2 protein chains.
Amino acid sequence: MATMREVAAAAGVSPKTVSRVLNDDPHVSPETRARVEGSMRELAYVPNAMATTFRSGRSPVIGVAVPDLVDPFFAAIVTAVEEEALANDLSTLVTSLGHGQDPSRERVALESVLRRQLSGLVVAPSTNDHAWLEPWAARIPIAFVDRAPGDLEADAFLQDDRGGARDATSHLIGHGHRRIGFLGDSLSAPTIAERLEGYREALAAAGIPFDDDLVALGAATRPGAADALARLREPNPGVTAVFSSDARCTMAAMPTVTAHPIALTAFGDFPLADSLTPAITVVAQDPATLGRLAAARLVERAAHPDRALPRRTVLPVTLIERTSCRV
Amino acid sequence: MATMREVAAAAGVSPKTVSRVLNDDPHVSPETRARVEGSMRELAYVPNAMATTFRSGRSPVIGVAVPDLVDPFFAAIVTAVEEEALANDLSTLVTSLGHGQDPSRERVALESVLRRQLSGLVVAPSTNDHAWLEPWAARIPIAFVDRAPGDLEADAFLQDDRGGARDATSHLIGHGHRRIGFLGDSLSAPTIAERLEGYREALAAAGIPFDDDLVALGAATRPGAADALARLREPNPGVTAVFSSDARCTMAAMPTVTAHPIALTAFGDFPLADSLTPAITVVAQDPATLGRLAAARLVERAAHPDRALPRRTVLPVTLIERTSCRV
DNA sequence: TTGTACGCGTTATCAA
DNA sequence: TTGATAACGCGTACAA
């Protein structure tokens, strides 16, 4: 726990000189440098990063907030941010926001992180109200991923939710299905709402009327998904195929789908999707790129505060055909 | 970006009074408090957490370092640490260490985190050499999870690797198998080495001689796992069942196992293990408890630096029988 | 109840 | 090339 002062005293120089040695300032004579370095070693001196941080007024840390770290999609985003951060000598402060069951949690969590004078923040939000972020956004760069901010101008890195959903639904239509269910958690998430739009567009393009009864929500848990699928299969709806709008729902639906096969395409790839029986046909997102671009943008904004940059970047998605679409 | 000073000036009081208001010090007259709070609102004052942190000498942050965030096992550990941290008003600084391909990375990553005067550190290490942590451990509480530290006295929260491997192997023996392969990544990981021991013990208990040729390593990737399984299946080894020592290997082996079924038990549960065909019989660990206990221990050590506490906590594991063991 | 003085560890400024 | 001084924003100790 030696401080710079102590090293300075031991080496018979001023603290500033020690600082210079530490920061590779060329204006230090080789002898002085050697003496200081000797004292540093002797005292096992380690710079106090907090003090530097405090002095500089900006913490070399990027905050990352996601709904759920255990979801591989968000874990991949966090990992990508971390890598990009590392490449810029930044650390990563991670916060989970939950899936929006408690909407106030997001704000509380983000504010506590923002107080820390971060160099930037990447958020995959679980709510839609971000007007309160306005004053923060004026001071530190904030980038949204996966979902756009509500009521706030900020960088956003998204994927083509609507187009992907359209592709996945059309694919089922191409296999001859006309009664196609929509499986999802909640439409309050803008991504899911967009995917529902894509689903409707695909139906419309094929001249299939949209039927509200085929939209089954609350499917993010296993019982929820089982219920939803059971409702869709009843004679009345008479669904023969399902588009799952989100990987959590798809995974939650797997036991049911395995037990009672039904044609299925899904938004969002996930580990082992290709090893299941049937292997799931998915629209794959690219969480790593999302995270990397967002982190890179933060760094860029910090370096060039008034450079004009596009606010919204939409990544394409890719249909990966496996077997679940032709069950 | 108003500071306490500015708020004080605006309210016509000293900075200290503002500080008191902020910290709910009872020794402030209601009128003064009201005036100060008014100024705080006007100036949109937000306390600078960095300054507080610096002043106190200890950052209210728990570091968490794991090999790989995308692995659900480690993601669950991180999530649990985060929850426990939240309950104690601490934030979570996350670092990935990699799977030990580059052994120096672990030290570099940990040292950069440790410099930040953390309140504590949870590590799931990817290397075996931790003697260098000694001086750090003297100053801040460090808890290991999943794997014990090498050459260092520190709290460790582990699971019964050997017993679990023994159970999983015995289970295959109970199904009549005598030529049982061991699938793994690398024996340099102490957990995997322990699981190999458990495997050997199970064989020994059944009077089956151990055969080095049945230990197939390098199976953490899909091609690696495919190779390993192919080697085991050759007429000479003539293996009829496999114990996979680690969830990464199990997941990597899935395509091969699905294509060419073989009796299988595995160490480590993972998402959808029960929805695969066959559903994988596993020995389940408890990452959430591991993370929670470790974080709680850090808090406890910080509060009571010299309370005597057990250094090593070993959690039991649970065999979950599904169908892969009777393929 | 309120205020003054000082220090946390580091670095920028300016002078020597 | 080196050093003295001040400052970052807040909280502690002590005084009034």
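Proteins come first, then strands; the chains are lettered A, B, ... in the order of their sequence lines, and each starts at number 1. Computed from a prediction, not measured in an experiment: that's the story for all the values here.
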Hits for side chain to side chain donor-acceptor pair (under 3.5 Å) against A:S91, two or more places apart or cross-chain, chain-then-number order -> B:R116
At a 4.0 Å cut-off to heavy atoms of chain B, the contacted part of DNA chain C spans C:dT1 to C:dG9
Applying side chain to side chain donor-acceptor pair (under 3.5 Å) to B:T127 and not counting sequence neighbours gives B:E106
Taken to the nearest whole Å, CG/B:L22 to C1'/D:dG9 is 12 Å
Atom CE of A:M4 and atom P of D:dC8 are separated, to the nearest Å, by 18 Å
Note: contacts of residues 12-21 of chain A with DNA chain C (heavy atom, under 4.0 Å) are A:K16, A:S19
Against the side chain of A:V28, the closest entry in D:dT12, D:dT2, D:dA7 is D:dT2
Hey, is CZ on B:R312 packed in by over 12 heavy atoms from elsewhere, all under 6.0 Å? no
Have a look at B:T32 and say if it touches a base, only the backbone sugar-phosphate, or nothing, with a 4.0 Å heavy-atom cut-off.
sugar-phosphate
Is it the case that over 12 heavy atoms from other parts of the model lie below 6.0 angstrom from the CD atom of A:E134? no
When rounded to whole Å, the CG to C1' distance for the pair B:N23 and D:dT12 reads 12 Å
Under 3.5 Å, side-chain donor or acceptor atoms of residues 285-299 of chain A against the rest of the protein: list the pairs with distances, not counting sequence neighbours.
| unit_1 | atom_1 | unit_2 | atom_2 | d |
| --- | --- | --- | --- | --- |
| A:Q285 | NE2 | A:Q159 | OE1 | 3.1 |
| A:D286 | OD1 | A:T289 | N | 3.2 |
| A:D286 | OD1 | A:T289 | OG1 | 3.1 |
| A:D286 | OD2 | A:T289 | OG1 | 2.5 |
| A:R297 | NH1 | A:D155 | OD1 | 3.0 |
| A:R297 | NH1 | A:P310 | O | 2.9 |

Computed from five pairs at either end and rounded to 10 degrees, the angle between the axes of the helix from C:dT1-D:dA16 to C:dA16-D:dT1 is 40°
Taken in chain and number order and not counting sequence neighbours, the residues that satisfy ring pair (Phe, Tyr, Trp, His ring centres under 6.0 Å) with A:F54 are B:F54
How about B:R311: does its CZ atom have over 12 heavy atoms from other parts shown lying under 6.0 Å from it? yes
So side chain to side chain donor-acceptor pair (under 3.5 Å) across residues 51-67 of chain A, not counting sequence neighbours, yields none
Original post:
Taking everything shown except B:E153 itself, do over 12 heavy atoms lie less than 6.0 Å from its CD?
Top reply: no
B:M50 atom CE is separated from D:dC10 atom P, nearest whole Å, by 10 Å
Per the under-4.0 Å heavy-atom filter, residues of residues 33-49 of chain B near DNA chain C come out as none
Whole-Å distance, B:H27 NE2 to D:dC14 P, equals 16 Å
Taken to the nearest whole Å, CD/B:E6 to P/D:dG9 is 8 Å
For B:T95, the side chain to side chain donor-acceptor pair (under 3.5 Å) test, sequence neighbours excluded, returns none
So CG of B:D71 and CZ of B:R248: to nearest 0.5 Å the spacing works out to 7.0 Å
From CZ of B:R5 across to C1' of D:dG9 the rounded distance in Å is 8 Å
Return a table of donor-acceptor pairs under 3.5 angstrom between the side chains of residues 39-48 of chain B and protein atoms on other chains or two or more places apart.
| unit_1 | atom_1 | unit_2 | atom_2 | d |
| --- | --- | --- | --- | --- |
| B:S39 | OG | B:R35 | O | 3.2 |
| B:N48 | OD1 | B:M50 | N | 2.8 |
| B:N48 | OD1 | B:A51 | N | 3.1 |

Taken to the nearest 0.5 Å, the spacing of B:L152 CG from B:W132 CH2 works out to 9.5 Å
By ring pair (Phe, Tyr, Trp, His ring centres under 6.0 Å), A:F144 pairs with (sequence neighbours left out) A:H130
The answer to which of B:D25 and B:F54 contacts DNA chain C further toward the 5' end, by nearest nucleotide, is B:D25
